[in-house]
Amino acid sequence: MNILLILVATVIALAFVIYIWFCIDTALSRQPGRVGYTGSGASVCGPALRQVIQTYIPDTKKVTLVEPGAGFAHIACFLAKQYEWKEVVALEISPFSHLTGRFLNLFRRAPVQFVQGNVFGYPYPKGSFVYSYLSTPIIGKLYADGSLNGCLVASLTFAIPGVTPNQELSVPGWQKRILVYDFRDTKTASQKASGTEVMG
């Protein structure tokens, strides 16, 4: 009986510690340059992202996939298991989200490299596929800094200010759309999608 009480008390204490840690991490996320965690699920984004990959990436094995602001890395892990990539990077500044993503991947077993760091200053490889769910000011600064030069970018919901997307795909629910920007040196892939295409 005593062992059961100790076990229950331990679980409650652990849950409390995790909750406090999450609250502190959320408060820190309100600082300039940080964004609070909001997830994007594979069930919502999966079909549109598959279409982007089929249209713009002839051979995923030659391409690095980077998800800046990955949170728990649901999308990075989903795409890592759907396709064979040169490398998959889940980039996240929050210690809570970073470690939670790592822990969840013990069960998901996706070939993902988890990197804890700021989205600014990360060396996005030329020719990489960048999936982001970052606010307009954040992704706008990445574009203005030249971080996305040479990359194919799929941005959920948020547009890059002053830049016309190569393609816009609708997604169900309140997140509404994925905007595709092709900043790669090669123009062949971007010419495949002329104008704006909307998925029903």
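Heavy atoms only: backbone and side chains are in, while hydrogens, waters and symmetry mates are out. In this chain, residues are counted from 1 in sequence order.
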For this session: Scan for side-chain hydrogen bond (donor to acceptor under 3.5 Å, both in side chains) pairs involving residues 107-116, sequence neighbours excluded, and state none if there are none.
Result: H74-R108

Exercise. What's the spacing between H98 NE2 and L91 CG if we round to 0.5 Å?
Worked result: 10.0 Å

For this session: Give the C-alpha distance, both sets of side-chain angles, the deciding distance and a yes or no for ring-ring contact (aromatic ring centres under 6.0 Å, His included) between Y122 and F120.
Result: CA-CA 6 Å; Y122 180 80; F120 303 113; over 10 Å; no

Exercise. Can you tell if the side chain of T157 reaches within under 4.5 Å of the side chain of K176, non-hydrogen atoms only?
Worked result: no

Seminar exercise, completed: For V88 and P111, the nearest pair of non-hydrogen atoms, with its separation, is CB-O, 3.7 Å

Exercise. Is any side-chain heavy atom of L134 closer than 4.5 Å to a side-chain heavy atom of P68?
Worked result: yes

Exercise. Just one of S97, C77, S94 clears the side chain to side chain contact (heavy atoms under 4.5 Å, CB included) bar with F72, so which one?
Worked result: S97

Exercise. Between K126 (side chain) and N149 (backbone), is there a donor-acceptor pair under 3.5 Å?
Worked result: yes

For this session: Establish, yes or no, whether a centroid distance under 6.0 Å links the rings of F183 and Y143.
Result: yes

Exercise. Do F114 and V89 touch side chain to side chain, with heavy atoms closer than 4.5 Å?
Worked result: no

Seminar exercise, completed: Shortest non-hydrogen pair, A154 vs I178, comes out as CB-CG2, 4.0 Å

Exercise. Does T136 reach the side chain of P161, with side-chain heavy atoms less than 4.5 Å apart?
Worked result: yes

Problem set entry | CG on N105 to OG1 on T100, rounded to 0.5 Å | 12.5 Å

Exercise. Roughly how far, to the nearest 0.5 Å, is the OG1 atom of T60 from the CD atom of Q82?
Worked result: 11.0 Å

Exercise. Does some side-chain heavy atom of K86 sit less than 4.5 Å from a side-chain heavy atom of K62?
Worked result: no

For this session: Answer whether the closest heavy-atom distance between the side chains of Y133 and I138 falls below 4.5 Å.
Result: no

Exercise. Atom NZ in K141, atom CG in L148: separation rounded to 0.5 Å?
Worked result: 11.5 Å

Exercise. Can you check whether L156 reaches C45 side chain to side chain, under 4.5 Å on heavy atoms?
Worked result: yes

For this session: Mind checking the CD1-CG spacing from I93 to N118? Nearest 0.5 Å is all I need.
Result: 4.0 Å

Exercise. Is there a side-chain contact (heavy atoms from CB on, under 4.5 Å) between Y83 and R50 once you walk through the steps?
Worked result: CA-CA 10 Å; Y83 301 91; R50 283 194 198 96; 3.2 Å; yes

Seminar exercise, completed: Interatomic distance, CD1@I53 vs OH@Y56, rounded to 0.5 Å, equals 12.5 Å

For this session: Compare all side-chain heavy atoms of I160 with those of S155 and state whether any distance is below 4.5 angstrom.
Result: no

Exercise. So which of V180, L179, V52, I139 actually passes side chain to side chain contact (heavy atoms under 4.5 Å, CB included) with V153?
Worked result: I139

For this session: Indicate yes or no for a side-chain donor-acceptor contact from W85 to the backbone of V112 under 3.5 Å, with no hydrogens or angles considered.
Result: no

Problem set entry | Residues, nucleotides or ligands: over 12 heavy atoms within 6.0 Å of E87 CD | yes

Exercise. When you measure from the side chain of Y124 to the backbone N and O of V119, does any donor-acceptor pair fall under 3.5 Å?
Worked result: yes

For this session: Decide yes or no on side-chain contact (heavy atoms from CB on, under 4.5 Å) for L169 and R177, but give the supporting numbers first.
Result: CA-CA 5 Å; L169 306 174; R177 62 184 183 168; over 6 Å; no

Problem set entry | Y181-Q167 side chain donor-acceptor pair, cut-off 3.5 Å | no

Exercise. Taking atom NZ of K81 as the centre, does the number of heavy atoms from other residues, nucleotides or ligands within less than 6.0 Å exceed 12?
Worked result: yes

